[in-house]
Every structure is written in C-alpha cells, then in structure tokens.
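Single-structure report; data block below.
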Amino acid sequence: MSSWLQLVETTVTGLGFELVDCERSSQGLLRVYIDRLPDGVYDLPGDLVTVDDCEKVTRQLQYALETVDADYSRLEVSSPGVDRPLKTPAHFERFVGEQVEISLKHPFQGRKRYSGQLCGPSAESAAAAPAGTAWGLVLPNPNAKPLSKTAAKKLAKAQAAGEVAAEAAAEQVLDFTLDEIREARLVPEVSFKGRQRRGDAPGVDGVAVDEAEDLGGQE
C-alpha cells in the first residue's frame, strides 16, 4: 500500500468512518468513498453519510495529504451509494445476510453474474482459502422463503463447522473467493415509501451526501 493511500485510510478511520474505496483519475481527481460504522458515534444520528461528515473528512484529508505532498488536483469525498462495493474481508463480514451481486472473472455454468444473500462458505472452501477470503451466496429459490439475516449467519456458522451436508450446501449456496470475483456490490433496497434505504446525491465542491433530507430538505 502506498504511503498516501495508507494516510487516507488512517485519516478516515481515525475520524470514526469506514474507508470503502479510493480512486485516482489521470486528471488528478482523488475520490474517496466513506461510510458510517454501525457502532459509530456521530454528530447527527442515523446510518447515512451526511454533508457534515464529508466536509469533516475533506478538511482533515486536505491537511494530512499536504504532509506527504500528495499529487492531486481535486479531492472529492462522498458516500458509496446504494450499491456500495464490497472489497475487503471486513466489508463482507459486515454485510453477511444482505443481498449482494457478484461478478466473476470467469463464467460458472455459463454465467458471470450472480446475486443472492451473502453468507459464509462451506467448510471445504473455507479450509482451502486464506482466512476471510472465502464466502458464499444463498441463491434465490422460488419455492423457499428468503433467509433472515440471523438465519444466514447461522448457516455460515453451520457450514464452517461442517454441520451442513455438502450436497445440500451445493444446491443452495454458491461458494466463491475474493480472488475469483471482479467486483461485488450490495443490491439496492427500496423502502415501503419508495425511497432507497442507502444512497447518495452529488453535493457542492467535491462533497456528496446520501439524501436531500440530510440538507434539511434542500435540493
């Protein structure tokens, strides 16, 4: 990890946020995606990133990046959006039980894209891969009810302990490792009011927020 990227991660996590992703464009744009942590304490309540959050991180990053003379022309801090990417083992651990879409590097059964409920891998897959890099998707079954998040976590534990028969697990769970996927993202959820549960909208001067309500109803 380069010194400037390590500095970005240290700064973001030091402020109590999660670094979701960091991108640098050839035009000098440095784009940083942050998220709130479930057990984090913030100035405003809620699980959505606010304008104040982005401004706080932006100010601290600008100061920190000056210390390493980072080469960038513009800094943009925003939330990851409704379809936030999952990149690290910690990301996958956090969102066990959520609906996730993955894109494989190589086709499996003629397909590269799969979506389902994120769970742990089978005991066999977990044993063959480095810790935290093997996961599974509970694939949709039209004849069965979706698992609750609690049930998905129990399934992950049962598979890891070898308490689920390999044949049964293979019928409902697609095992994969992080090296086998091109990308993984949360599947956006829509509330009963028709509003997305997690999201973001472009802000001003490189700052973005989740919803207009975070600005007091201003567009």
Side-chain angles (χ1 to χ4, degrees), residues 1-96 98-101 118 132 178 182-191 193-219:
M1 181 183 296
S2 64
S3 59
W4 69 267
L5 181 56
Q6 189 172 21
L7 183 62
V8 169
E9 182 174 11
T10 301
T11 303
V12 170
T13 56
L15 292 172
F17 297 94
E18 178 185 35
L19 177 63
V20 178
D21 202 2
C22 186
E23 302 173 348
R24 293 183 73 180
S25 72
S26 57
Q27 289 75 32
L29 172 63
L30 178 58
R31 184 179 287 116
V32 177
Y33 297 96
I34 64 171
D35 203 1
R36 287 188 169 191
L37 294 168
D39 56 352
V41 178
Y42 304 99
D43 296 334
L44 295 175
D47 60 353
L48 301 178
V49 173
T50 68
V51 165
D52 289 343
D53 294 337
C54 293
E55 289 179 342
K56 178 187 294 186
V57 174
T58 298
R59 287 193 298 268
Q60 194 64 29
L61 278 178
Q62 288 174 334
Y63 171 77
L65 290 171
E66 287 181 358
T67 65
V68 295
D69 195 25
D71 183 19
Y72 73 97
S73 60
R74 182 184 171 209
L75 173 65
E76 181 179 288
V77 177
S78 68
S79 77
V82 295
D83 59 343
R84 66 157 280 172
L86 308 182
K87 292 180 172 291
T88 69
H91 292 172
F92 282 84
E93 179 69 29
R94 174 180 173 182
F95 290 103
V96 166
E98 297 284 357
Q99 293 294 319
V100 171
E101 180 180 82
L118 182 65
L178 300 192
R182 193 174 302 279
E183 67 172 3
R185 292 184 175 273
L186 290 182
V187 175
E189 294 185 17
V190 179
S191 72
K193 294 181 181 180
R195 302 182 65 186
Q196 292 169 323
R197 193 185 68 178
R198 300 176 61 90
D200 65 347
V204 181
D205 296 331
V207 177
V209 294
D210 285 280
E211 295 184 349
E213 67 180 4
D214 294 321
L215 292 170
Q218 299 178 9
E219 294 295 335

Check: Val77 and Lys56 side chains under 4.5 Å, non-hydrogen atoms: no

Okay, side chain of Tyr42, backbone of Leu37: is any donor-acceptor separation there less than 3.5 Å? yes

Minimal heavy-atom distance between Asp53 and Leu48, with the atoms involved, is OD2-O, 4.1 Å

Show the nearest heavy-atom pair for residues Arg185 and Pro85, with the distance to one decimal. NH1-CD, 3.6 Å

Write down the atom of Gly132, the atom of Leu178, and the distance for their closest heavy-atom approach. O-CD1, 4.2 Å

Roughly how far apart are Arg94 CZ and Thr88 OG1, rounded to 0.5 Å? 10.0 Å

Could you walk me through whether Asp52 and Leu44 pass side chain to side chain contact (heavy atoms under 4.5 Å, CB included), step by step? CA-CA 9 Å; Asp52 289 343; Leu44 295 175; 4.1 Å; yes

Could you measure the distance from the OG1 atom of Thr11 to the CD atom of Gln6? Nearest 0.5 Å is fine. 10.5 Å

Atom CD1 in Ile34, atom OG1 in Thr13: separation rounded to 0.5 Å? 11.5 Å

How close do Leu86 and Phe95 get, counting heavy atoms only, and between which atoms? CD2-CD1, 3.6 Å

Do Leu7 and Thr67 have side chains that get closer than 4.5 Å, going by heavy atoms? yes

Non-hydrogen side-chain atoms of Leu30 and Leu65 separated by less than 4.5 Å: yes

Gap between atom OH of Tyr33 and atom OG of Ser79 - 0.5 Å precision: 9.5 Å

Is any side-chain N of the basic residue among Arg31 and Glu23 closer than 4.0 Å to the acidic one's carboxylate O? yes

In Å and rounded to the nearest 0.5 Å, what is the CG to CD distance from Leu118 to Glu93? 9.0 Å

Looking at Glu18 and Arg84, does any basic side-chain N land under 4.0 Å from a carboxylate oxygen? yes

Got a second to check how far Lys87's NZ is from Leu19's CG, nearest 0.5 Å? 10.5 Å

For Arg24 and Asp71, indicate whether the former's side chain and the latter's backbone hold a donor-acceptor pair under 3.5 Å. yes

Side-chain heavy-atom pair Leu186, Val100 within 4.5 angstrom cut-off: yes

